[in-house]
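Residue numbers start from 1 in every chain, and the chains themselves are labelled A, B, ... in the order their sequence lines are given, proteins ahead of strands.
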Protein chains: 2
Amino acid sequence: MSVDTQDAGEDHLIRPVQRPVPLRQAVYESMVELVVSGGLSPGEHLVETDLARQLGVSRQPVREALHRLQAEGWVDLRPNQGAFVHEPTDHEVDQLLDVRELLEMETARLAAKSASAGAVARLRAICRAGEAAVTDGDTDRFIAVNNEFHAALAEVAGNAVLAQLGQIVSRRVRWYYRLVAPRREHDSCAEHMELIDAIKAGDADRAAAAARAHTERTRTAYHRPDGAPMTLGRPVRPAPA
Amino acid sequence: MSVDTQDAGEDHLIRPVQRPVPLRQAVYESMVELVVSGGLSPGEHLVETDLARQLGVSRQPVREALHRLQAEGWVDLRPNQGAFVHEPTDHEVDQLLDVRELLEMETARLAAKSASAGAVARLRAICRAGEAAVTDGDTDRFIAVNNEFHAALAEVAGNAVLAQLGQIVSRRVRWYYRLVAPRREHDSCAEHMELIDAIKAGDADRAAAAARAHTERTRTAYHRPDGAPMTLGRPVRPAPA
DNA sequence: TGGGTGTATTTTGGATACAATGGACTGTGA
DNA sequence: TCACAGTCCATTGTATCCAAAATACACCCA
């Protein structure tokens, strides 16, 4: 690892030394992974010392990762009590879905206005990879590919701010959704294909409608037939430790 | 400058808070204040040690505050180089304005659908306070009231997620705007009043249009008459330290 | 003179140490 | 049995310490 520090002038022949990623970055990513994959339950108390030991690092990078997780809504930090995995309420999930709908409709519109043939092909390839993951029953892989799809879509849309907000919101939606709702990976892929078609046609309104339909079906799947939301069982009150 | 969390009797730049608040919170707030008020210039290197000394705390809370500032787009953290005040590009500001427009139109729509007479009165009172601040030429106070107005509006709209995203985006827009654009506080107040009228009438579309007009006029003010954006003088390349 | 090199200084990244807070527990008294 | 007080302990908040990385700069040699 301790590579030459002096002759960094020629970076053409030598593989560019991959910059050592700060520990907090690695910790952040593995913790998001943990939360999203269900390795941590809502309300769970995240003890810095334990996390540090499990990850083999000191408390410092763990704390910094926790702060970032809070900024993105994954955990709640209570003063002098530490971090708790965020407990979503049905009300909040509804709000998140509303915002996701707003952001994804706009993303779809922008993408439809500017997508090149190459971009459409790339989206389609990712979507197919998602279908393959569904066929294999590989949920984790599906989720990864799904994230990739939305990232690619955001890139096509060309608004980095929109992309960043969309990613944060969408990942949270998918997390909650995964906690309570029935699987609908297959439908999801079909809906994505519909969206791609609209983008290929350059039809912004149709693309937006497809994005809206996608979110609306998610919302429907999330609610019980009688209209009541499938609940995580938690009212709005603050949770006990 | 020194940061007090509760009752240190020195001269305060930030107002003392009642509950024991973690130092990083106080540090975070005073640093946002610093950036927004123009006390720190884009591209400026924020040396943790210096900040810690200036604020009268150790490096630890400073570092944690910096991470939060990064999450909200105020600073950029480069590995092994530390924090730099974010340098907005014209392109980025345009994207931010697009997103702000999207979020505020939706906020306005929701507010129009659900606003009570009391809420309208409250909004109007805040707006009048803003006009008073303009009359007094008190820009800082105007900014504070403006933030208050948008917070109240978001509360009326009733979507906390939308409110949070909107606040982050809007504050950054206002910061950039303040860096380069001519003052238009007075127009801003008039536009807010227009929005309030639409909300009072319960007319969602008209409210959304008012919100859009508000953002569009901001964008216009931000661009030079010949159509070119007023630039901060920085192209898109990464800035030198 | 100029390009490259070695060294010193600055600054960050991470680890450890210490202080302070809050919850849990236990024991006592009615 | 229950309420309450006092104590203890787990855990967080803050400070300090050390090592690695980056920059700055003087130096050397062609």
Report task. Establish, from distance only, whether the side-chain atoms of B:Glu72 and B:Tyr28 form a donor-acceptor pair under 3.5 Å. Result ->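 A donor-acceptor contact under 3.5 Å links the two side chains.
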For the side chain of [X], counting heavy atoms from C-beta on, which of [options] is nearest?
| X | options | result |
| --- | --- | --- |
| A:Ser58 | C:dT16, C:dT12, D:dG13 | C:dT16 |
| B:Val47 | C:dT12, D:dT12, D:dT16 | C:dT12 |
| A:Gln81 | C:dG13, C:dG22, D:dT14 | C:dG22 |
| A:Gln60 | C:dA15, C:dT11, D:dT11 | C:dA15 |
| B:Pro61 | C:dG13, C:dA15, D:dA15 | D:dA15 |

Quickly work out the [X] [atom1] to [N] [atom2] distance and round it to whole Å.
| X | N | atom1 | atom2 | answer |
| --- | --- | --- | --- | --- |
| B:Tyr28 | D:dT14 | OH | C1' | 21 Å |
| B:Glu48 | C:dG13 | CD | C1' | 9 Å |
| A:Asn80 | C:dG23 | CG | P | 9 Å |
| A:Gln25 | C:dG14 | CD | C1' | 16 Å |
| A:Asp76 | D:dT12 | CG | P | 15 Å |
| B:His45 | C:dT11 | NE2 | P | 8 Å |
| B:Glu64 | C:dG14 | CD | C1' | 13 Å |

Query raised in the report: Angle class for the A:His192/A:Phe149 ring planes (parallel below 30°, perpendicular above 60°, tilted otherwise)?
Result: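 Plane angle under 30°, so parallel.
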Report task. Strictly below 4.0 Å, heavy-atom distances to any atom of DNA chain C: list the hits from residues 66-74 of chain B, or just say none. Result ->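 Hits under 4.0 Å, by residue number: none.
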Query raised in the report: Distance from A:Arg141 atom CZ to A:Asp136 atom CG, nearest 0.5 Å?
Result: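 Here the rounded value is 8.5 Å.
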**Report entry** Residue closer to the 5' end of DNA chain D, B:Arg59 versus A:Thr49 (nearest nucleotide)
**Finding:**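 Going by which nucleotide is closer to the 5' end, it is A:Thr49.
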Query raised in the report: How close do A:Gly73 and A:Tyr176 get, heavy atom to heavy atom, and via which atoms?
Result: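 What the structure gives for the nearest pair is O-OH, 4.4 Å.
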Query raised in the report: Passes salt bridge (charged side-chain N to carboxylate O under 4.0 Å, His left out), B:Arg172 versus B:Glu92? Steps please.
Result: CA-CA 11 Å; B:Arg172 280 180 62 189; B:Glu92 180 188 351; 2.6 Å; yes
Requested in this report: Under 4.0 Å between any heavy atoms, over every strand shown, what does A:Leu46 touch: base, sugar-phosphate, or nothing? Just pick one.
Outcome: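 Sugar-phosphate, no base atom in range.
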Requested in this report: Determine whether any donor atom in the side chain of A:Arg78 lies under 3.5 Å from an acceptor atom in the base of C:dG22, or the reverse, and answer yes or no.
Outcome: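 Donor-acceptor pair under 3.5 Å: no.
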Query raised in the report: Can a donor-acceptor pair under 3.5 Å be found between the side-chain atoms of A:Arg63 and the base atoms of C:dG14?
Result: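 Checked by distance alone, the answer is no.
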Query - Pairs touching residues 96-105 of chain A that satisfy side chain to side chain donor-acceptor pair (under 3.5 Å), sequence neighbours left out - result: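 Qualifying pairs: A:Asp98-A:Arg219, A:Arg100-A:Thr215, A:Arg100-A:Thr218, A:Glu101-A:Arg212, A:Glu104-A:His150, A:Glu104-A:Ser170.
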Please list every donor-acceptor pair under 3.5 Å in which a side-chain atom of residues 151-169 of chain B meets a protein atom from a residue at least two apart or in another chain.
from     : atom 1 : to       : atom 2 : distance (Å)
B:Asn159 : OD1    : B:Val161 : N      : 3.0
B:Asn159 : OD1    : B:Leu162 : N      : 3.0
B:Asn159 : ND2    : A:Gln95  : O      : 3.4

